[in-house]
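Because the structure is a prediction, the values reported are computed rather than measured. Residue numbering restarts at 1 for every chain, and letters A, B, ... go by the order of the sequence lines. Just the heavy atoms: all of them, side chains too, but no hydrogens, waters or symmetry mates, feed the values below.
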Amino acid sequence: MNSFQKILHSVSFIPEGKVTTYGDIATSNNMKNARIVGFALHTNTDPIKFPCHRVVKKDGSLASGYVFGGLNEQKRKLQLEGVEFLDDDKVDMYKCLYTFSDNSP
DNA sequence: TGTGTGACGATCG
DNA sequence: GCGATCGCCACAC
């Protein structure tokens with residue numbers, strides 16, 4: 001399984017109403033740079049199979065390159081799933097952060 | 001095979 | 001406190 005496959009697999013099982021960070025996905029996959037995570041999503045661009053809208057930055061801000069409707073759409077999807085927002089474009093990391101360490105395969 | 005690049009992270013100014 | 005810069009590694013061309 002390629003690194004991209006691992007990343008996408010991790011993203012695919014983020015529970016509804018939860019979010020995770022690029023760095024966390026990278027760490028859970030034994031990677032050192034979070035850029036690969038974003039790169040993986042960018043090369044696949046498959047929001048149906050992989051809910052990349054649940055992936056945010058370390059500070060809780062949404063990904064700047066989300067093109068499936070824009071940041072507004074990404075934020076709305078998260079809100080519909082029950083993710084709480086502290087700011088207009090930042091999720092509540094303390095309540096909705098999902099760590100793979102708790103349920104890592 | 002080698003170079004460029006990227007939806008980030010951390011540090012420096 | 002905020003902005004800019006450097007560094008990281010894996011993938012595409």
Colleague: When you measure from the side chain of Asp92(A) to the backbone of Tyr94(A), do you find a donor-acceptor pair of N or O atoms at a distance under 3.5 Å?
Modeller: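 Such a contact is found between Asp92(A) side chain and Tyr94(A) backbone.
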Colleague: Could you please name the partner base of dT11(B), counting Watson-Crick and G-U wobble pairs only when both distances are under 3.5 Å?
Modeller: dA4(C)
Colleague: Classify Ala34(A) by what it touches in the nucleic acid, base, sugar-phosphate, or nothing, heavy-atom distance under 4.0 Å.
Modeller: sugar-phosphate
Colleague: Between N or O atoms, less than 3.5 Å apart, protein on one side and nucleotides 9-13 of chain C on the other: list the pairs.
Modeller:
from: dC9(C); atom 1: O4'; to: Asn33(A); atom 2: OD1; distance (Å): 3.2
from: dC9(C); atom 1: O4'; to: Asn33(A); atom 2: ND2; distance (Å): 3.4
from: dC9(C); atom 1: O2; to: Asn33(A); atom 2: ND2; distance (Å): 2.9

Colleague: dC8(B) P sits how many Å from Leu62(A) CG, rounded?
Modeller: 11 Å
Colleague: Keeping Lys18(A) on the side-chain end and Lys95(A) on the backbone end, is there a donor-acceptor pair under 3.5 Å?
Modeller: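 At least one qualifying donor-acceptor pair exists.
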Colleague: Enter the distance from Lys90(A):NZ to Lys57(A):NZ here, rounded to the nearest 0.5 Å.
Modeller: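 It is 10.0 Å, given to the nearest 0.5 Å.
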Colleague: Between dG6(B) atom P and Ile25(A) atom CD1, what is the distance in whole Å?
Modeller: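 After rounding, the gap between these two atoms is 20 Å.
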Colleague: How many angstroms lie between atom CZ of Phe100(A) and atom CZ of Phe13(A), to the nearest 0.5 angstrom?
Modeller: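 Result: 5.0 Å between the selected atoms.
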Colleague: Hey, does the side chain of Asn33(A) reach the backbone of Arg35(A) with a donor-acceptor pair shorter than 3.5 angstrom?
Modeller: no
Colleague: I'd like to know if Val55(A) and Ile36(A) are part of one continuous hydrophobic network [Ile/Leu/Val/Met/Phe/Trp/Tyr, side-chain heavy atoms within less than 4.5 Å].
Modeller: yes
Colleague: For dA10(B), take OP1 and OP2 only and decide whether either is under 4.0 Å from a side-chain N or O of Lys58(A).
Modeller: yes
Colleague: Under a 3.5 Å limit for both distances, which nucleotide forms a Watson-Crick or G-U wobble pair with dC13(C), could you say?
Modeller: dG2(B)
Colleague: Rounded to the Å, how far apart are Asp24(A) CG and dA10(B) P?
Modeller: 11 Å
Colleague: I need the CD1-C1' distance between Ile7(A) and dC8(C), as an integer number of Å.
Modeller: 14 Å
